[in-house]
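Quick notes on the structure that follows.
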2 protein chains.
Amino acid sequence: MPLIIENLSKHITLTPQEQELFLSKIEIKQYKAKTILLNAGEICATSYFVNSGVLRSFNINDNIVEHVLSFACSGWWIGDMYSLLSQKPGNLFIQVIEDAEVVLLSKENQEILYQEIPKLERFFRILIENSLVAYQERLMDNLSLTAEERFEKFCSKHHDLIQKVPQKQIASYLGVTPEFFSKMKSKLLRK
Amino acid sequence: MPLIIENLSKHITLTPQEQELFLSKIEIKQYKAKTILLNAGEICATSYFVNSGVLRSFNINDNIVEHVLSFACSGWWIGDMYSLLSQKPGNLFIQVIEDAEVVLLSKENQEILYQEIPKLERFFRILIENSLVAYQERLMDNLSLTAEERFEKFCSKHHDLIQKVPQKQIASYLGVTPEFFSKMKSKLLRK
DNA sequence: AAAGGCACTTAATCTAGATTAAGAAATGTA
DNA sequence: TACATTTCTTAATCTAGATTAAGTGCCTTT
């Protein structure tokens with residue numbers, strides 16, 4: 001069974017016909033590492049679901065500093081929610097970190113699917129609810145934990161990513177500089 | 001027209017009967033300032049919609065330090081999403097800051113309403129989508145802006161709250177100590 | 001009116017994490 | 001294989017914001 005159908009079935013049950021319909025509305029693509037799927041300033045018209053490999057979303061502020069908003073590996077969705085919803089130019093880049101196979105669902109087809117399979121409204125509501133809870137927790141962590149505590153939490157939650165993602169990007173995700181991250185890491189290893 | 005019906009009509013259109021049904025499933029209560037509507041450790045079974053007054057959600061970490069997650073004034077929803085969705089004990093408090101009239105929607109009734117008025121699934125999806133985008137932006141702001149820049153952004157976005165909320169709570173929302181906030185504010189006033 | 005408790009301010013001191021800089025490893029590329 | 005580019009490390013210095021502490025003014029409650 002395709003990974004994405006398995007993913008849907010975590011929250012809703014689709015009939016075989018509905019599964020067919022869903023699969024007919026998506027596109028699957030292979031991308032090499034470093035490929036940019038979405039540039040800041042563009043209008044995001046697609047949701048991305050990762051079959052394999054790793055992606056990230058990030059922005060670049062005027063100081064030319066990158067800030068990683070999220071990583072996505074096998075079984076995760078990623079996109080620029082702001083731009084996708086508002087259909088205005090966003091400020092996120094979406095980039096492949098490790099060679100990836102990605103499912104593309106256009107906003108257009110997503111709306112069609114909402115009409116044809118109303119249950120999907122429920123699926124995406126739950127997906128976004130969970131995402132919201134995760135971002136709320138991450139925000140509170142950034143307000144209340146030290147960099148070291150955030151790193152330990154990240155390790156226990158996303159151990160799989162640590163090998164696959166350049167550590168400067170993990171630093172950025174945690175909100176510290178690569179230099180400080182390096183120092184912190186070697187301090188933790190010495191323990 | 002009740003504020004909450006007006007609120008629903010921002011994203012969906014309800015028939016008069018549906019409006020009636022909705023109104024029959026909610027409860028309206030008055031609360032004095034400082035009242036706690038939800039304690040950390042409790043399971044959240046209710047969504048709150050503010051008719052008037054101001055509420056906040058916050059947690060308290062082991063160091064006995066409060067961290068404000070969100071404010072809500074007239075026309076805003078507030079709750080402990082994590083606890084509400086998982087039905088596990090949460091770690092948020094929800095408290096009245098300024099005497100308030102609040103609409104209560106129980107999780108139970110919300111589920112019933114999803115059945116009876118499927119459009120509501122759309123409404124809450126959109127509500128949560130917007131909330132998610134806002135938290136993503138706030139997280140990125142915390143990663144990339146200085147406290148002063150965050151404060152200026154807060155002022156331009158939530159000017160109404162500045163008069164109503166004790167400034168130590170705004171400090172907490174922004175992620176700085178009350179002392180530093182005070183210093184920062186007087187520095188900005190001197191300009 | 002007194003008294004206790006908050007919220008806010010000011011100021012001195014301290015520190016987590018940033019910045020700058022330079023070298024070492026790793027990776028890509030011809 | 002060598003060269004270039006990027007990533008990571010180490011270390012010195014710096015700073016935004018924390019901590020500690022003391023004082024002021026304003027509500028509450030009695």
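Order of the sequence lines sets the chain letters (A, B, ...), proteins ahead of strands, with each chain counted from 1.
Between B:W77 and B:F124, a ring centre-to-centre spacing shorter than 6.0 Å is recorded.
Distance, A:Q163 CD to D:dT7 P: 18 Å, rounded to whole Å. We find that CD1 of A:I162 is positioned 17 Å from C1' of D:dT7, with the value rounded to whole Å. Rounding to whole angstrom units, CD1 of residue B:I97 and P of C:dC6 are separated by 17 Å.
We find that A:K25 and A:E20 are not joined by a salt bridge, their nearest charged nitrogen and carboxylate oxygen being 4.0 Å or further apart. Using a cut-off of 4.0 Å between Lys/Arg side-chain N and Asp/Glu carboxylate O, B:K168 and B:E179 are scored as not salt-bridged.
For the pair A:R138 and A:F154, the NZ or CZ position fails the cation-pi test of under 6.0 Å to the six-membered ring centre and within 45 degrees of the ring normal.
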Annotated protein contacts, base or backbone, on nucleotides 7-23 of chain C with a non-hydrogen cut-off under 4.0 Å, one of B, S, - each:
SSSB------BBBBB--
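No donor-acceptor distance shorter than 3.5 angstrom exists from the side chain of A:N51 to the backbone of A:E101, with no hydrogens or angles considered.
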